[in-house]
2 protein chains.
Amino acid sequence: MNIGQAAEKAGISAKSIRYYESVGLIAQATRRGNNYRDYGDQEIAELRFIHRARSLGFSVKEVGDLLALWRDRKRASQQVREVAKRHIDDIERKIAELQSMRATLNTLVAKCHGDDRPDCPILEDLASGKPHCG
Amino acid sequence: MNIGQAAEKAGISAKSIRYYESVGLIAQATRRGNNYRDYGDQEIAELRFIHRARSLGFSVKEVGDLLALWRDRKRASQQVREVAKRHIDDIERKIAELQSMRATLNTLVAKCHGDDRPDCPILEDLASGKPHCG
DNA sequence: TTGATCCTTCCCGTTCTGGGAAGGTCAAGG
DNA sequence: CCTTGACCTTCCCAGAACGGGAAGGATCAA
């Protein structure tokens, strides 16, 4: 199967597949006589795995770890769980940061009358140079 | 005032100040005889503004827009408010996406017993190739 | 044959810095 | 006066994860 078909089946772009190959996330694809990459069911399954893991926010590096665990029939599920839990922690930190920004911004937007006059509490706040989080 | 002092006062690195200058976010700093950049109160105020805006998640481009409005004594506060509201929308989209990821991951982690046995619902889910959001 | 649609490699651009090299400056101390 | 250390300058590389697009080869349908 050509890379284009594989990409469509896996839900990622051909560019990304080549990228994943180049950084060693997946093995070098076998080539056919015309030098085209060739993908079979196993490769498609890996690409789908990657697609799903990426869509859950795992970095390419983390996906590599998960793939290694997936390939290892003797892994301990604890290891997988740890990777996932660390990722959840990352996500929660990001959420908290974004929520904090949102709260501040909502407050500022609420204070700004938003008409054609120039005075603006939002700009005043920014100009005050308050540190946001430290 | 040297760039190092300015950086400390504004809460950003000297590297970043040079970068902001290079991309036109701030004007080229005046130079002293030794070719060192020189910063005064006005420049410090701008740098602080930038620091604060960046810490609220505005992109460098958006900070440029906000700086332009700040410098324009005849701006309409409505414009500032629009920039801020668009940014809040961005943030909310990101929060929603992260929350969705977190929910899925929490479900999976809860299903995984996390011991030394190899069977793992997390890997099974990833391998199933479910699309996450479309 | 021709055109359209694949595929290949290659390099550049994105965003926002951080790291570090090579070299100029300056202030203090021996 | 000389050295040492802490500044400053420019410049280039790195990262994360691709997308765009060029130049050229392969395949396929009419």
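So that the names make sense, note that chain A is the first sequence line, chain B the second, and so on, each numbered from 1. Computed from heavy atoms alone, side chains included, the values below leave out hydrogens, waters and symmetry copies. Computed from a predicted structure; not experimentally measured.
- With hydrogens and angles disregarded, a donor-acceptor distance shorter than 3.5 Å links the side chain of S77(B) to the backbone of R117(A).
- Ion pair D90(B)/R93(B) flagged as a salt bridge, since at least one NZ, NE, NH1 or NH2 atom sits closer than 4.0 Å to an Asp/Glu carboxylate oxygen.
- Phosphate contact (OP1/OP2 of dA17(D), side-chain N/O of Y20(A), threshold under 4.0 Å): absent.
- With rounding to whole Å, Q28(B) atom CD is found 13 Å from dT10(D) atom C1'.
- Put simply, CG on N2(B) is 7 Å from P on dT9(D), counting in whole angstrom units.
- Applying the ring-ring contact (aromatic ring centres under 6.0 Å, His included) rule to pairs touching residues 82-126 of chain B yields F58(B)-H87(B), sequence neighbours excluded.
- Taking only side-chain nitrogens and oxygens, R18(B) never comes nearer than 4.0 Å to OP1 or OP2 of dG18(C).
- For dG19(D), one of the phosphate oxygens OP1 or OP2 lies less than 4.0 angstrom from a side-chain nitrogen or oxygen of S13(A).
- A salt bridge is defined here as a Lys NZ or Arg NE, NH1 or NH2 lying under 4.0 Å from an Asp or Glu carboxylate O, and R71(A) with E46(A) meets this definition.
- Within the structure, every side-chain polar atom (N or O) of R32(A) is placed at least 4.0 Å from both OP1 and OP2 of dC6(C).
- Within the 4.5 Å cutoff, no side-chain heavy atoms of T30(B) are placed close to those of Y39(B).
- What separates NE2 of H51(B) from P of dC16(C) is a distance of 16 Å, to the nearest Å.
- One side chain, S16(A) or S13(A), offers a donor N or O that lies under 3.5 Å from an acceptor on the other.
- For L25(A) and dA17(D), the CG to C1' distance is 11 Å, given to the nearest whole Å.
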Between N or O atoms, less than 3.5 Å apart, protein on one side and nucleotides 26-30 of chain D on the other: list the pairs.
from, atom 1, to, atom 2, distance (Å)
dA26(D), O4', Y36(A), OH, 3.2
dT27(D), OP1, N34(A), ND2, 3.2

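- Atom C1' of nucleotide dC7(D) and atom CZ of R31(B) are separated by 15 Å, given to the nearest angstrom.
- Atom CD of E21(A) is separated from atom P of dC7(C) by 14 Å (rounded to the nearest Å).
- The residues R37(A) and E21(A) are annotated as salt-bridged, a charged nitrogen and a carboxylate oxygen being separated by less than 4.0 angstrom.
- A straight line from CD of Q5(B) to P of dC26(C) spans 16 Å, rounded to a whole angstrom.
- In this structure, N35(B) atom CG and dC26(C) atom P are separated by 11 Å, rounded to whole Å.
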Every protein N/O within reach of nucleotides 11-16 of chain D N/O, cut-off under 3.5 Å:
none

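- Judged purely by atom type and a 3.5 angstrom limit, R102(A) has no side-chain atom pairing as donor or acceptor with the backbone of I88(B).
- A salt bridge links R52(B) to D125(A): at least one charged side-chain nitrogen sits closer than 4.0 Å to a carboxylate oxygen.
- For R37(B), a side-chain nitrogen or oxygen approaches OP1 or OP2 of dT10(D) to under 4.0 Å.
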